[in-house]
S.K.: 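Here you go, one structure.
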Amino acid sequence: MPMKIAKFTFALLTILFLVAPLIAILPLAFTSSVILTYPIPSWSLRWFEELFSADAWRRAIINSLIIGAGTTLLATVLGTAASLGLRNRLFFFRGSMRTLFLLPMVVPAVVLGVGMQVLLARFGLINSYAGVIIAHTVVAVPFVVVSVTGALAGIDERVELAAQSLGAPPVTVFRRVTLPLAMPGVLSGAVLAFATSLDEVVLTLFVAGPNQRTLARQMFSSIRENISPAIAAAAFLFIAATILIGLVVVLSRSMLAKRTRPAAS
């Protein structure tokens with residue numbers, strides 16, 4: 001019993017340590033003051049109104065949604081395709097290729113940003129939406145690969161072999177068997193890709209122009225120029241959107257599990 005209490009206390013302290021910065025900053029999104037300070041003089045939504053009324057913040061939100069959607073779509077397709085390819089046991093360099101796909105997760109962002117800037121400039125994609133989406137996709141694909149690879153590892157290959165033995169072509173097996181069973185991992189990877197794109201600021205500084213300024217970059221610029229409670233309001237939107245998307249994914253995964261469980265059994 002004392003050991004269980006100790007474990008619970010340690011877990012609670014760890015969670016508190018992780019969320020303490022959020023607990024400190026999020027209430028300031030509702031302050032009426034023009035500076036980030038406690039105690040809060042009065043509660044107000046003025047900074048949320050500024051996010052959607054000021055041209056710079058409104059354009060940054062729109063750009064983040066455009067770039068995030070494009071990154072999510074491209075990274076999910078490429079990451080899922082890569083995971084399917086790495087699943088093939090006949091592929092001798094499977095371990096090395098998996099490591100190669102995960103490199104953007106460990107390479108310093110500044111080094112990756114300089115390389116992306118040089119590469120995209122050669123193709124005339126610098127300071128463009130396509131260039132920013134490609135740059136964000138590079139760092140988002142590893143998260144999709146990890147998520148989808150884990151989902152594919154949990155699929156019983158005998159189910160796919162049974163479908164093939166009944167005459168289903170490979171495309172049908174993938175569409176009707178493999179993809180539905182791996183869909184929870186695909187959805188989780190898509191959410192991680194979208195969150196990665198929303199949070200990415202270093203690559204955006206290197207490859208984006210004034211017209212592609214994202215919300216993360218706008219927050220970074222605002223911190224350098226003037227620390228405003230609008231930053232706390234933007235952070236609140238970040239966290240709220242992430243939680244909302246996470247809840248949607250959890251519900252979708254539970255619904256998919258209920259639909260695919262009879263088929264898998």
Side-chain angles (χ1 to χ4, degrees), residues 1-45 47-48 51 60-61 64 68 71-72 75 102-113 136 139-147 149-151 184-185 187-205 214-224 226-251 253-254:
M1 189 65 179
M3 181 60 66
K4 292 183 179 180
I5 296 177
K7 290 180 179 180
F8 177 78
T9 303
F10 178 77
L12 187 62
L13 292 175
T14 302
I15 294 174
L16 181 62
F17 174 77
L18 294 175
V19 303
L22 303 180
I23 297 175
I25 192 64
L26 290 185
L28 293 174
F30 300 93
T31 183
S32 60
S33 175
V34 295
I35 58 176
L36 295 171
T37 182
Y38 281 105
I40 297 176
S42 61
W43 300 97
S44 173
L45 296 176
W47 301 112
F48 290 95
L51 286 182
I61 293 174
S64 292
T71 300
T72 302
L102 301 181
L103 274 181
M105 299 177 67
V106 296
V107 173
V110 175
V111 176
L112 195 59
H136 285 194
V139 296
V141 164
F143 295 96
V144 181
V145 171
V146 171
S147 180
T149 299
L187 291 176
S188 299
V191 172
L192 291 174
F194 185 77
T196 301
S197 176
L198 285 182
D199 190 54
E200 183 56 50
V201 62
V202 177
L203 288 180
T204 308
L205 290 171
T214 61
L215 186 57
R217 182 179 175 183
Q218 179 64 27
M219 293 173 64
F220 179 78
S221 301
S222 299
I223 291 174
R224 295 180 59 186
N226 180 30
I227 299 180
S228 167
I231 299 174
F236 184 90
L237 291 181
F238 261 125
I239 297 171
T242 303
I243 294 175
L244 180 61
I245 295 174
L247 290 175
V248 171
V249 170
V250 170
L251 293 176
R253 292 184 64 169
S254 62

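Heavy atoms only: backbone and side chains are in, while hydrogens, waters and symmetry mates are out.
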S.K.: Considering residues at least two apart in sequence or located in another chain, which fulfil the side-chain hydrogen bond (donor to acceptor under 3.5 Å, both in side chains) criterion with T149?
M.R.: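 Result, side-chain hydrogen bond (donor to acceptor under 3.5 Å, both in side chains) vs T149: S83.
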S.K.: Roughly how far, to the nearest 0.5 Å, is CG of L215 from CD1 of I231?
M.R.: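 One gets 10.5 Å once the value is rounded to the nearest 0.5 Å.
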S.K.: Taking all heavy atoms of L203 and all of A109, pick out the closest pair and write down the distance.
M.R.: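 Distance-wise, the nearest heavy atoms are CD2-O, 4.1 Å.
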S.K.: What's the shortest heavy-atom distance between S197 and G68, and which atoms?
M.R.: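 Smallest interatomic distance, heavy atoms only, reads OG-CA, 3.4 Å.
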S.K.: List the residues meeting side-chain contact (heavy atoms from CB on, under 4.5 Å) with V111, not counting sequence neighbours, and say none if there are none.
M.R.: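 For V111 the side-chain contact (heavy atoms from CB on, under 4.5 Å) partners, ignoring immediate neighbours, are V107, P108.
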S.K.: List for me each residue that meets side-chain contact (heavy atoms from CB on, under 4.5 Å) alongside V146, sequence neighbours excluded, and say none if there are none.
M.R.: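 side-chain contact (heavy atoms from CB on, under 4.5 Å) list for V146, sorted by chain: L102.
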S.K.: Would you tabulate the side-chain donor-acceptor contacts of residues 9-27 under 3.5 Å, counting partners in other chains and residues two or more places apart, or write 'none'?
M.R.:
| residue | atom | partner | partner atom | Å |
| --- | --- | --- | --- | --- |
| T9 | OG1 | I5 | O | 2.7 |
| T14 | OG1 | F10 | O | 2.8 |

S.K.: If the condition is side-chain contact (heavy atoms from CB on, under 4.5 Å), which residues does A190 pass it with, not counting sequence neighbours?
M.R.: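 Scan of A190 (side-chain contact (heavy atoms from CB on, under 4.5 Å), adjacent residues dropped) gives T72, T76.
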S.K.: For A216 and E200, work out which heavy atoms get closest and say how close.
M.R.: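 Smallest heavy-atom distance, with atoms named: CB-O, 3.8 Å.
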S.K.: Are side-chain heavy atoms of Q218 and I61 found at a separation under 4.5 Å?
M.R.: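 Contact flag for Q218/I61 side chains = no.
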S.K.: Write down the atom of V144, the atom of G189, and the distance for their closest heavy-atom approach.
M.R.: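 Result for this residue pair: CG2-O, 3.4 Å.
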S.K.: With no hydrogens and no angle check, is any side-chain donor or acceptor of S147 less than 3.5 Å from a backbone partner on F143?
M.R.: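 Flag not set: sc S147 to bb F143 has no pair under 3.5 Å.
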S.K.: For T196, check side-chain hydrogen bond (donor to acceptor under 3.5 Å, both in side chains) against everything at least two apart and list the hits.
M.R.: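 Applying side-chain hydrogen bond (donor to acceptor under 3.5 Å, both in side chains) to T196 gives none.
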S.K.: If you take all heavy atoms of P104 and V139, which pair is closest and at what distance?
M.R.: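 Of all heavy-atom pairs spanning P104 and V139, the closest is CB-CA, 4.2 Å.
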S.K.: Minimum heavy-atom separation for R217 to L205, with atom names?
M.R.: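 So the minimum-distance heavy-atom pair works out to NE-CD2, 3.8 Å.
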S.K.: Using the six-membered ring wherever Trp is involved, compare the ring planes of F236 and F48 and label them parallel, tilted or perpendicular (cut-offs 30° and 60°).
M.R.: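 Rings of F236 and F48: perpendicular, over 60°.
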S.K.: Using side-chain contact (heavy atoms from CB on, under 4.5 Å) as the criterion, list what pairs up with P41, not counting sequence neighbours.
M.R.: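 Here the qualifying residues are T31, S32, S33.
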